[in-house]
Amino acid sequence: MSLDVEESIKQDIDLRLKDIAKCEIQRERRLKLYTGKDRVIPVLGFLKSYGFIHLAAISCVDWLDDGEFEIVYNLWSYRDKAGILVKTRISRENPEIDTAIPIYEIAETYEREIHEMFGVNFPGNPNLTSLFLEDWNGPPPMRKDFDTRKYAAEKYGMRDLTEQLKIGMDKIKGVRDGDEIL
Amino acid sequence: MGIFKKIFTPLDALKHLGQKPHTIRVPYVKKEPAKRYRGIHVNDWDKCIGCGNCARICTCQAIEMIPIDSIKVEEGKTNLRPQVDYGRCSFCGQCVDVCPTGSLKLSTEYLMTSTNKDDYIFIPPKDRDSGEGTGWESSTETSMLRFDREEMPERNPDERKLDFEPVLLGFSEQQAYLESMRCLGCGLCVDGCPTHMFIPEYIQKIRDAEYNGAVDEFFKNNPLPQICGTVCTHNCEDNCVYSRRGNPIQIRYLKGFAAEKVDNYGDVIKVDPDNKIDKKVAVIGAGPAGLTLAFYLRKYGVQVKIFESTPNAEGMMRYGIPRYRLSEKTLKKETDFILSTGAEIQYSTEIGKDIPLKNLLDEYDAVFIGVGFQQGIPMGVPGEDAIGVLQAADFLRDVAMGKKVEIGNKAIIVGGGDVAMDASRTALRLGAKSVIMYRRRWVDMPAHEEEKLEAKDEGVEIMPQTLPTEIVKDENGKVKSVKYVKTKMVDQGEGKRPKPVPIEDEIYEMECSAVIQAIGQNPDYSLFPDDIKEKLQFDKRGKRIIVDDYGETLIPGLFAGGDCVNNRGDIVGAIADARKAARGAQRGRGRASP
Amino acid sequence: MRYFEYFVGPQHVGVTGNMSYHLWADGDEIKKMITSVGYLHRGFEKLMEYREWVKNVPMVPRICVPEPDVNEVLYAMGVEELSGLVPSERAQYIRVLVLEMARLSAFLFYFAGAAGALGLYTIPQWTIGDRDYILDRFEELTGGRAYHIYTTPGGVRRDLPDGFKSRVQETMNYLKKRLIDYDRLMFENAIIVKRTKGIGIIEKDYAMNMGVTGPNLRASGIKADVRKDDHYLVYDKLDFDVPVVGDGDIFSRIMQRRLEFDESIKIIEQVLEMMPDGGFIEKLPNPIEWKVPAGDVYVKLESSKGEFGYYIVSNGEEKPYRIHVRGPSYTHGIQVAQEKIVGMRIADVAPFLFSLDVCPPDIER
């Protein structure tokens with residue numbers, strides 16, 4: 001198992017992005033790159049011109065204890081057959097990061113989802129409307145401090161359906177027995 | 001192909017007209033599911049032990065454990081049975097794959113209709129089983145559980161039988177991790193432990209390599225963790241859910257492993273030796289019971305004085321268990337810690353001889369008797385008075401004390417318990433050949449399986465169904481040989497142990513230089529003056545003292561524990577008794593006093 | 001300007017999931033479309049954070065209904081990579097077998113949808129019927145028909161049953177025979193050719209930039225396949241081609257799947273022949289309280305719809321810290337469909353959307 005391709009990518013990245021990004025090889029065909037919040041767009045721009053055309057996904061991880069969100073851009077190069085995870089951290093207090101639409105047009109939907117699920121703001125994205133959730137007024141649900149069960153119990157209460165169902169079943173039974181239902 | 005032709009190619013479909021359809025037609029035929037189909041749950045209630053692991057793994061939280069009144073609660077079994085909610089179940093079958101007993105199964109039955117919604121929440125019985133070999137069944141191969149244990153590394157039998165160094169080498173950290181990881185945390189093992197140690201809790205700590213935390217858990221109800229971690233009779237393992245179909249978790253060795261990791265218990269267990277309240281307790285015998293009592297009383301500041309007849313503490317742990325099973329280092333570490341908590345000890349003092357028991361009863365708030373069983377039982381065959389006929393208890397004690405014991409080149413050991421194994425292997429280490437004679441079968445031997453196998457591996461010859469009838473002396477009165485007969489097992493009806501009956505026709509003879517009797521031991525109650533002995537209550541055979549729930553005898557302030565109370569004959573039983581007595585001794589003298 | 005407004009969905013229109021399209025049309029020409037997803041958002045990513053590693057196994061297949069096995073395999077692959085578990089070679093072959101069988105059944109589903117959208121209702125009945133023969137094999141192997149819950153971290157849950165290989169081969173022979181029928185009925189059908197050629201073209205560069213993957217990307221003329229480029233399991237030992245149709249229109253997307261169908265049968269036949277003996281599972285140290293070492297990993301594979309990926313983050317606890325599922329339909333189901341549908345005729349909307357093979361459950365999770 002040789003890592004020639006990965007090594008050469010790492011060398012190029014280290015050369016061009018010396019001061020603004022740290023690159024490491026995770027395994028065969030997988031690299032990782034850490035960069036600062038303000039440097040993400042230039043870094044992505046360089047990587048796209050380098051050959052990482054395919055933006056597979058943008059993920060967000062909520063590191064509650066660190067008080068930070070980690071935004072992970074998942075890129076793939078069809079030419080080099082290698083993937084790279086570009087990672088950056090932003091503060092949880094004021095989660096904001098520039099949109100990647102100028103470089104990757106497809107970023108729009110991913111950013112929409114992260115905006116909805118984590119409450120991260122992407123200045124420059126024209127379409128930060130809700131994607132999956134309808135009439136949602138709770139906190140962003142994928143955040144670690146959002147408790148699904150607690151929210152459901154508070155919002156909807158625990159309904160006891162036993163009585164309703166019993167009546168329904170009695171009606172069905174009534175039909176079976178040939179009785180008239182009111 | 002021209003466009004004109006392409007228009008007509010789809011008309012090919014017409015050729016299927018009149019062919020047998022693939023769908024199921026009227027009259028209705030039930031679809032036969034595949035053999036492995038995951039359908040309705042069935043549970044064999046006889047096999048199920050109610051451990052609740054199915055409920056724990058259920059991702060849909062569809063399984064709840066429900067107590068069933070008609071099921072008897074036994075050791076290692078609860079009366080809980082899984083109840084499945086078919087409004088939630090996703091039929092993944094993980095409950096089956098985690099079931100330790102294999103009682104749970106998904107049958108190939110899939111039809112279930114009812115207008116009553118409560119019918120879909122049910123406690124699966126066995127009656128819808130579609131038969132063996134069908135449905136999603138559990139087997140040791142496909143189960144998520146690792147039924148194979150991590151083997152304890154041992155020294156090579158040929159090498160270890162030459163000296164008294166420990167046979168077990170101890171787990172490596174990786175092994176201890178893997179073995180402790182097998183634990184599911186269901187806690188049924190606790191049923192089997194007389195002192196009810198917090199087994200799942202400490203296994204969890206061992207898994208996380210928090211050995212100090214584990215030691216803290218041990219000392220809640222066992223102050224001799226490393227000794228128990230090496231030579232305990234491990235009833236807990238018999239109740240482990242893994243033992244139903246595979247090897248139980250080696251709870252004993254895990255405990256020993258963690259205890260060994262902590263060099264000084266004093267760092268973890270804080271007992272102030274100078275804290276002394278106005279209460280005094282005398283302990284007779286520094287065996288496991290005496291030491292345990294001393295520790296728990298010292299924890300509360302009670303002043304404790306131990307009277308020991310030999311020049312060493314530890315009692316049977318030192319004199320009954322050979323050093324190759326329990327090393328000097330382990331013994332010293334544990335007793336030294338208990339004595340360091342401020343318990344006083346007076347060696348080489350025999351109560352009843354050097355000091356009368358009455359003095360102690362007058363002087364102390366409470367007196368605890370933990371003297372154990374010291375005297376071997378003779379076989380009762382002709383020629384027992386020959387030179388070279390020994391009692392196993394005496395033999396082991398003398399060897400442990402470092403005395404020179406002459407057994408010549410071939411010893412015959414009579415008996416089939418752990419003591420017989422110890423005696424035979426000790427004889428082997430003294431340079432003799434060892435033969436064990438036991439009147440019942442191999443499976444009936446009360447010794448632990450691993451002891452038997454270890455003895456066999458080392459080259460002890462085990463002769464089951466053999467009964468010595470006479471010991472032959474030579475002209476100097478020394479033992480020369482043993483005459484013996486073979487026995488046959490006679491069935492005594494259901495539920496009873498088969499009885500060995502000697503086949504008298506043929507009498508065999510075996511040469512030997514020593515005979516070691518290991519058929520049981522009796523207590524020595526000569527320390528009791530007659531008036532006290534009269535007041536005490538003994539069991540039917542007159543061997544064991546009857547005590548109440550607090551370890552107190554009929555005489556107020558006189559407590560007892562260990563072998564002279566329980567019939568387990570092991571260390572952990574003695575520890576359990578001593579804990580009871582510790583509670584009683586704190587409460588004060590006599591049942592009437594609060 | 002005033003437009004007609006059309007609402008498509010959210011109930012099943014054909015065989016995709018629950019998803020609706022809001023269309024604005026000027027006469028017969030579509031001017032604008034907004035996809036509305038959210039009907040199938042079940043919050044699996046959040047639910048997985050609440051459950052222990054093994055307990056997620058029965059849940060992941062529900063992320064993609066027509067082809068659930070990719071989720072099981074991906075989840076297992078990700079957990080294995082994080083923990084350093086290596087499944088036996090036999091288990092890897094079994095996984096490939098399961099994946100390719102799932103691909104075939106998903107393609108049959110696709111043919112049904114694509115033909116149904118054009119109003120040809122014989123084909124859906126045939127392909128759905130034939131898909132059931134694959135489900136029968138799944139039932140034999142895994143005990144379940146739709147959701148198999150078969151692949152688990154460490155390997156697969158059961159070994160192949162007796163005589164399974166020969167029955168799979170029989171099913172493959174049957175499918176090969178049926179493909180001749182399909183060809184005549186569907187792929188050479190003048191109606192289909194006429195209705196789909198040159199319509200709904202997704203250009204090569206556009207597809208690449210918009211993150212379109214899988215058969216849709218290959219139909220646009222790019223030879224890229226995760227099975228070859230980022231080979232996983234034992235795909236590097238198997239001999240198969242990556243067909244590229246290349247026109248990028250609806251017809252080429254349908255034909256692309258037809259050609260890949262042959263390759264999958266080829267792979268299954270090789271797997272049946274090459275599968276070694278050995279164990280089928282490497283058991284976990286503990287089923288419930290097992291902790292996966294901290295770290296993060298992105299695993300992906302080629303599903304019938306494109307690149308399916310799992311980004312798994314562990315912080316060394318009994319439960320995953322975060323799992324992000326990259327569904328293949330995410331890109332072509334929302335943005336690409338919205339942009340490319342503009343200018344199309346109303347009658348072409350359904351064939352176009354079906355040709356993309358959008359699977360809403362994997363968009364929304």
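First the proteins, then the strands, lettered A, B, ... as listed; each starts at 1. Hydrogens, waters and symmetry mates are skipped; everything else that's a heavy atom, side chains included, is used.
Around atom NZ of A/K81, more than 12 heavy atoms belonging to other residues, nucleotides or ligands sit under 6.0 Å away. A/E93 CD: 12 or fewer foreign heavy atoms inside a 6.0 Å radius.
In terms of heavy atoms, C/M19 sits closest to C/G333 at CE-O, 3.6 Å.
Between chain C and the options A/T109, A/L131, A/N127, heavy-atom pairs under 4.5 Å are most frequent for A/T109. Between chain C and the options A/L133, A/L55, A/V72, the largest number of non-hydrogen pairs under 4.5 Å is found for A/V72. Comparing C/M210, C/E49, C/E307, C/E45 by how many heavy-atom pairs each has under 4.5 Å with chain A, the most go to C/M210. With chain C as partner, the option from A/I53, A/N74, A/L85, A/D62 having the largest number of non-hydrogen pairs under 4.5 angstrom is A/N74. Of the listed residues (A/A57, A/G83, A/C60, A/A107), the greatest number of heavy-atom pairs within a distance under 4.5 Å of chain C belongs to A/C60. By number of non-hydrogen pairs under 4.5 angstrom with chain A, the leading residue of C/D230, C/V37, C/L47 is C/D230.
With a 4.5 angstrom heavy-atom cutoff, C/K300 touches chain A via backbone and side-chain atoms both. Only the side chain of C/L217 comes within less than 4.5 Å of a heavy atom of chain A; its backbone N, CA, C and O stay farther away. No part of C/H332 comes within reach of chain A, as not one of its non-hydrogen atoms sits under 4.5 angstrom from that chain. Of the atoms belonging to A/Q26, it is side-chain heavy atoms, and not backbone ones, that fall under 4.5 Å from chain C. With a threshold of 4.5 angstrom between heavy atoms, C/Y50 approaches chain A through side-chain atoms but not through N, CA, C or O. For chain C, the nearby part of A/I58 is the backbone; its heavy atoms alone come within less than 4.5 Å. In this structure, no portion of C/L40 lies under 4.5 Å from any heavy atom of chain A. Only the side chain of A/W76 has a heavy atom closer than 4.5 Å to any heavy atom of chain C.
Using a cut-off of 4.0 Å between Lys/Arg side-chain N and Asp/Glu carboxylate O, A/R89 and A/E70 are scored as salt-bridged. Taking a cutoff of 4.0 Å between a charged side-chain nitrogen and a carboxylate oxygen, C/R42 and C/E364 do not qualify as a salt bridge. Ion pairing of C/K237 with C/E89 is present here, as a side-chain N (NZ or NE/NH1/NH2) and a carboxylate O approach within less than 4.0 Å. Note on A/E113 versus C/R365: salt bridge recorded, some NZ/NE/NH1/NH2 to OD/OE distance being below 4.0 Å. Using a cutoff of 4.0 Å between basic side-chain nitrogens and carboxylate oxygens, A/K22 and A/E24 are scored as salt-bridged. Salt bridge annotation for C/D362-C/R326: absent, with no cationic side-chain nitrogen under 4.0 angstrom from a carboxylate oxygen.
Ring centroid separation for the pair A/Y104 and A/Y110 does not come in under the 6.0 Å cut-off. For A/Y151 and A/W136, the gap between ring centers is short of 6.0 Å. Between C/Y310 and C/H324, a ring centre-to-centre spacing not shorter than 6.0 Å is recorded.
Scanning residues 41-51 of chain A against chain C with a 4.5 Å non-hydrogen threshold yields A/K48, sorted by number. For a heavy-atom cut-off of 4.5 Å, chain C lies close to A/P141, A/M142, A/R143, A/K144, A/F146, A/D147, A/T148 in residues 139-148 of chain A.
Judged by distance alone, the side chain of A/R112 and the main-chain N or O of A/S130 form a donor-acceptor pair under 3.5 Å. Using a distance-only test at 3.5 Å, with no hydrogens or angles considered, no donor-acceptor pair links the side chain of A/E111 to the main chain of A/T99.
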Tell me, with the steps shown, if C/Q256 and C/E260 meet side chain to side chain donor-acceptor pair (under 3.5 Å). CA-CA 6 Å; C/Q256 179 70 33; C/E260 289 186 13; 2.7 Å; yes
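Ring-plane geometry between C/Y235 and C/F240 is classed as perpendicular, the angle between the planes exceeding 60 degrees on a 0 to 90 degree scale with a lower cut at 30.
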